[in-house]
Structure formats: structure tokens, C-alpha cells
Protein chains: 2
Amino acid sequence: MGKDARTGGRSRRARVTLREVAQEAGTSPSTASRALAGHGYVAEGLKARIEAAAARLGYVPDVSARSLKGRSSGLVGLVVSDLRNQFYAALAAGVEQTLAAAGHQMVLVDDHGSDTQALDGARAFLAMRAAGVLLAPVGRTATELLVEHGTPVVEVDRRSGVRSCDAVTIDSERGAREAVSHLLELGHRRIAMVLDETVWGTGRDRLKGYRAAHRAAGVPLARRLVLDLGLRPADPQGDVAAFLDANPDVTAVFAANNLVAEAVWQELQRRGSAVPKDCSVVSFDDLTWMRIVEPGLTAVRQPVYEMGRTAAELLLERIAGERGRARTHTLEPEFVLRGSTSAPGTPAEQTP
Amino acid sequence: MGKDARTGGRSRRARVTLREVAQEAGTSPSTASRALAGHGYVAEGLKARIEAAAARLGYVPDVSARSLKGRSSGLVGLVVSDLRNQFYAALAAGVEQTLAAAGHQMVLVDDHGSDTQALDGARAFLAMRAAGVLLAPVGRTATELLVEHGTPVVEVDRRSGVRSCDAVTIDSERGAREAVSHLLELGHRRIAMVLDETVWGTGRDRLKGYRAAHRAAGVPLARRLVLDLGLRPADPQGDVAAFLDANPDVTAVFAANNLVAEAVWQELQRRGSAVPKDCSVVSFDDLTWMRIVEPGLTAVRQPVYEMGRTAAELLLERIAGERGRARTHTLEPEFVLRGSTSAPGTPAEQTP
DNA sequence: CTGTTAGCGCATTCAA
DNA sequence: TTGAATGCGCTAACAG
């Protein structure tokens, strides 16, 4: 093909193996292996020759062969539910950063909120002998499968209920309690909560926080004020619209996550409700747009990137051989006061 | 440890191998291999027995061993420059979706805009015998290394200049031309352009479009109206502020990407400039927040997710053996008119 | 249709 | 300090 000239005449097809490097350096494969790996004794001069040969030939060790010998590939799996959601993207970024620094690669699987797809991912991780797996569970099956096979697992953001693995979560209940307490202190008495999964995951804990805040303030709870959009709602904004029509006495909305917050915000905007005068809004999760809009959204900021980092660190310890029993790290959310909340019927005092 | 009871009594440590499955089914490894892989002839009864045995034992094939025999692992690499940027997250999501549907796994590397880190990633992909690699190049080295080693490569969003690989990009020049023409038609004559890399990548093409629009309208170009923030600016908003102070006659700003757009928008907001009355704004790239803010940002929408899908499809064809010469797909951006643009000194007419 | 043989690239014994 | 031998788990020839 001629165009191989630039590569120094070597064929583009043939992988350079350790044997060839050894030949080029006039030694044996095993010596070359030791020289390149840095283990065991190799004479300085020989070592230099071998390294030179490897560089000249463009040698790249084959991890397949390596992990076939040893225990695992250096790969670490990550399963998230929606990469297009900034929350998961930030999580993945934190994980990747930590993993890369430790010389591992991240294999990313998007399960789109489906347990089945998460399970497929888990199987793939098993097949590639992943050193460990991080996942935001959508069920127990994936975690169970991995744990059964002895793969270190760290759950992130949510818990599957499997006891025998580490986890890093954010204190959803506390964050929700603070957010709702804030609204109660401002004088709100009919605070709606909108979420997309009541029975499981973070939604449940945030609902607990919502209730706890009401109890602490001695404000009665009304079932009708909780809107559960269900998993992956088709038209969240439409559902919010219907809800607000049915409950016109609501003076504030607590949105349980960024997806819900967007639907609420857009709907309030669409119907021309003034925030916070007509309706206060607090979001759990703080995305870029929430500090850009006018007024800024009062929100519960989650240390997402840090959560990814922490989870990856925990996993790396397990991979390194840490044997202790399952640990759970709980990170603290941070309440960020902006302009979308005020006493009922009052315009915002300030917009930072 | 006792807790293995649930797994059916098998040890958690030992991987189940094909040999064990074969033994369990009372046959040979190669027959078991054929039965499980689906290739070659195997009697129906035996096949069922083998499958049952595999299921019973929880057998998971070892891809390391498989790729050691054959050509490559099923892994596909993706290199992006900043996963926390919604643009890249969407790109990755599109890629993942397509790859997963084809039974491949995606290994994601974030190079943080550094050529060195991209090169590290490329080496890792080589080491794992990746079936192919997708990358948004930050230089030529990574692409060159991969191509030299015969790994199929598809470049996304940007071009490195390496001729011998496929690429999928968006027509930056055209998108920029349309955006700037729109401003010119509204009557703007001093339109600033803000970007973060003039000499390379998409910034260069968008600058071309900016110039082309001016030439087409017969409006002279002023060098001082182009603000180049440089790669990874420390304080983009501060730079924009200084620029606007130095060029108070500017009536419109064309932001070359979402990062720049955010800096521009925040700075205009900070100094209390009314958009579009005091200053019109157009963004290249259309993120969530741009349609949420008031007024909505007029923007050039890029089909990012689709770009990821297309690139992955191209790569899959190469992996499947497609031999033709390098192809380039150019996707068309879409101009989205919202409320952030109007004739100089005019408030927005409407806010959709 | 099935089993035996061989070898992918490497790291790790063990002898020299 | 070095090299020859071995086997990780799997699949592709081949022979039966």
C-alpha cells in the first residue's frame, strides 16, 4: 500500500510482540518482560537496549494476554442512568478523573433506567474481568450478579439494598428537610412536592425529608400535594400543569431533582406565574441553568463530582485488596439560597 | 464466610471456565465453545445440556482469552475534552447508545483538552486492542499513533488534519455565517465575536463564517471586535467584561460555543445590560439553559447526539471490515431564533 | 457431529 | 543475572 512508509516500514497489521522486541534487543522474551515491567533483576545495559528496541518497534503490551495470566484487566465499569443528564455526566467525570490518575480505564454503560440493561452491562464487565464496578443502581440484579462473582462494587447516589457492597450517597433526607424547612419558615403552608419515583431510590428519602420538615414545624401533611410523575414520565411538564390546575392553592413547589425542576420551572413560565411572588420554587440538585435564570433558583447543591471521586477512591482501595466490611460514605448537600423563594405573595427581595 | 450460600455454594473467587462447563455437561471444551458461540455443528440435545450447565455454573466467557486468540476486544475507545460540558456528554451518549446496540462497550477517556492525555488514552486503547476509537482531537499525535497501528479511527467535531481517517463534523462555517448574517440583517454593524481558540479546531471555521457573512453583506471587518480567550481561559467572564469596556460601541455578540456563551450572558447580566435591547446575543451550540432563560437565546443548534451516533456507525462499518477510503460526514446545524436578538436599540418583539 | 491438538502474548516459576 | 519451560481460557484446524 505504500503509505506505510511513514511508520518506518513496519506493516500496519502485525502487532509487535514481546518476542520481537526481545529478538531486536538480542535477548529472551522473559528478560524483556522483566525489563519492561520493572520487576526482577535486569542488567542496566540490557534494560536500556530492550527499552530502545521497544520504542523503536512501537511495542504496546497486550493487556488481554496480561490479564489472562493475572487476575483482572485494569478496566473499571461505570453504570449510569442517563448520560445526557448533567448530574450523571458530572458523576462520570469525577469517576474518570480519579480512575485515570490511578492508571485505570473507565468503561461507561448507560442503562437508561432499565434494570435489564444494567444487567447486560454487569455481564459485560464480568466478561472483561473488570477490576471493579461503580453503579447507580436501578435494581438489585446487577449488583447481586457482580458481588456473587467477587467483583468489587461501589454503589453511587442510590442504594440497591444489597448489603455487602460499599456505597457513596448524598444525604437526601437532610437536604430535602432543609429545603422544605426553608419554605415553611418563610410562611408557606401548602408546599407541593414533585418527584419521579416515590417507592425507591433518592425520591423516597427526599419525600421523607419533606415530611420530616412538616412534622418538625407542626404543619399537617396533605397527600394531594405530592405529585409522583412515575419513572421516566412521557410529559412531565404536562403533568405538572394538570397538577397545578387541580391544586391552585399551592404557594411553593419543592422539586426532587433537576429533571422535575426543569418541568416545574418551564410550566410556571409558560403560565406566566411570577417566581417567587406567585409561587416559590426549590430544586434538589443545582445545575448550570439554575444560577443563570432570573431569578436564580434556590437549590440543594449536591457535590456530584466529588461523589464520583470518592466512590472511585473507595473502589480503588478494594481493588488494592482492602478487605474490611462494607462502608457507606454519606456526603452532605449544601443549601443555596437564591431568588426563587420568598414569603407567600411576596416578590423576591434580592437577586444575588 | 457462609454468605456464599445464596450463590449456590460456589466459591466467589474461582472463575468458572469453559472446561468446567464442559465437564459438567460431560463433553469437551471445544464442543462447549461451539455450542455457546453458536458456530459450527452441535447436536441439539448436547447444546441444551451445555447451555444448562453454563447457566447453572454462572459461566461468563473471558473476553481476554477470546481477544488473545482472535483480533481485538470488543472495546471501543472515545476521547472527549470535557465530560462536564453538556456538548461532550451528549456526544458520548450518542456514541454509547449506538455501540451498545451493536454489542460493543465504550471506554471513555477525558483528555481535559491536553494532547498528552489524549495520547495516553490512545496508548491504553492500543494496549487493550480496542476494536476502534472515536475522538475529538486536540492535536494530531493520538490519531497518528492509532492509525499507524492499524486501529480504525473516526474523528468527531474537530479534525486533526490526519487525512487517512474518517470524520464526522458539523458545518461550523455555515452555522456561523447564518448566525452572523442574521445579526447583520437586523442592522448590526459592530458585531463582536468571542471564541476560545482561533488557530485550530472549530473556532477557526466559525471565525471564517463570521468573516464570510460580513463580506457578503459588504460590512467591513474590525480586528478589535474579535476576542480570543485562548485555550482554557482562567476567567472568561472577566475577559469579556474587559473587552466590553474597551469596545462600548458593540451592539451584538456572537459566541462561538456554549462556554463562551455562558460567560457572555453572565457578564451582560452582571452589568445590567438588557438583552436584546442593549446588546443582542447569538450562541453557537444550543444547551438546555439557553431555552430556559428569559429571553431565550437565539442559537445555532448542533445535532450533537446524532453526531455521536453517526460517528459510531461509521466506526462500526470499519470494524466490520469496510475498506474504502476515508469519508467525511458533515452534519448541518440549525439556526434557532429566540428572543436574544433584535435590531440595535430595540427590545425583543416576542418571546416564544 | 465431536474430541484432540495447538497456540494467541505474556508473566512466572525454576535452573542454569 | 538470564533463559527455557509452562499455562492462563479460549477457539480454530484438523482428525476421528
Side-chain angles (χ1 to χ4, degrees), chain A residues 13-51 53-54 57-75 123-124 126-131 149-150, chain B residues 13-51 53-54 57-75 123-124 126-131 149-150:
Chain A
R13 280 275 137 252
R15 299 282 187 196
V16 178
T17 75
L18 197 52
R19 236 213 343 238
E20 299 174 64
V21 174
Q23 261 167 7
E24 175 88 4
T27 181
S28 74
S30 36
T31 304
S33 172
R34 268 169 304 185
L36 263 21
H39 307 314
Y41 295 93
V42 181
E44 273 313 311
L46 223 198
K47 182 168 178 181
R49 275 221 318 282
I50 292 169
E51 279 167 351
L57 264 39
Y59 170 71
V60 180
D62 187 319
V63 291
S64 299
R66 194 174 275 174
S67 53
L68 190 54
K69 274 258 84 179
R71 233 66 210 100
S72 90
S73 65
L75 268 25
R123 262 191 283 263
L126 245 28
M128 67 181 74
R129 301 301 187 246
H149 281 260
Chain B
R13 282 273 137 255
R15 301 281 187 196
V16 178
T17 74
L18 196 53
R19 235 209 349 235
E20 300 174 63
V21 174
Q23 261 167 8
E24 175 88 3
T27 182
S28 73
S30 40
T31 304
S33 171
R34 267 167 301 179
L36 263 20
H39 307 313
Y41 295 93
V42 180
E44 273 312 311
L46 223 197
K47 182 168 177 182
R49 277 223 315 285
I50 292 170
E51 279 166 351
L57 264 38
Y59 170 72
V60 179
D62 188 318
V63 291
S64 299
R66 194 174 275 172
S67 52
L68 189 55
K69 270 257 88 181
R71 233 65 208 102
S72 90
S73 63
L75 268 25
R123 263 192 283 263
L126 246 27
M128 67 182 73
R129 302 299 186 248
H149 281 259

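In the text below, chain A, chain B and the rest are named by the order of the sequence lines, each starting its count at 1.
- If you take CZ of Arg49(B) and C1' of dT2(C), they are 12 Å apart, rounded to a whole angstrom.
- Remark: the backbone N or O of Ala25(B) is paired with a side-chain donor or acceptor of Arg49(B) at under 3.5 angstrom.
- In plain terms, the two heavy atoms of Leu68(A) and Leu68(B) that are nearest each other are CD2-CD2, 3.1 Å.
- Between the CE atom of Met128(A) and the P atom of dC10(D) there is a distance of 15 Å, given to the nearest Å.
- Between the CZ atom of Arg129(B) and the CZ atom of Arg15(A) there is a distance of 4.5 Å, given to the nearest 0.5 Å.
- Taking 4.0 angstrom as the limit, Thr27(A) places a side-chain polar atom (N or O) nearer than this to OP1 or OP2 of dG3(D).
- Here dT2(D) presents its C1' atom at 8 Å from CG of Leu46(A), a figure rounded to the nearest Å.
- Distance from the side chain of Ser30(A) is smallest for dT12(C) among the nucleotides dT11(D), dC10(C), dT12(C).
- A donor and an acceptor atom never sit less than 3.5 Å apart when one is taken from the side chain of Thr31(A) and the other from the base of dT1(D).
- At the heavy-atom level, Pro61(A) lies under 4.0 Å from the strands shown only through sugar-phosphate atoms.
- When the side-chain nitrogen and oxygen atoms of Arg66(B) are compared with OP1 and OP2 of dT11(D), one or more of them lie within a distance under 4.0 Å.
- When rounded to the nearest whole Å, the span between CZ of Arg19(A) and P of dA5(D) equals 13 Å.
- A donor-acceptor contact under 3.5 Å links the side chain of Arg34(A) to the base of dG3(D).
- Shown here for Ser64(B) and Ser67(A), the closest heavy-atom pair between the two residues is OG-OG, 3.0 Å.
- For dG3(C), neither phosphate oxygen OP1 nor OP2 lies less than 4.0 angstrom from any side-chain nitrogen or oxygen of Tyr41(B).
- In this structure, the CG atom of Asp62(A) is 18 Å from the P atom of dC8(D), given to the nearest Å.
- Taking atom CD on Gln23(A) and atom C1' on dG3(D), their separation rounds to 14 Å, with Å as the unit.
- Of the inter-residue distances, the one linking Leu18(B) atom CG with Arg66(B) atom CZ reads 9.5 Å to the nearest 0.5 angstrom.
- Where Glu44(B) and Leu18(A) each meet DNA chain C at their nearest nucleotide, the meeting point lying more 5' is that of Glu44(B).
- Atom P of nucleotide dA11(C) and atom NZ of Lys69(A) are separated by 9 Å, given to the nearest angstrom.
- The CG-C1' distance, from Leu68(A) to dA11(C), rounds to 11 Å in whole Å.
- Counting distance only, with no hydrogens placed and no angle test, the side-chain atoms of Ser33(B) and the base atoms of dA12(D) include no donor-acceptor pair under 3.5 Å.
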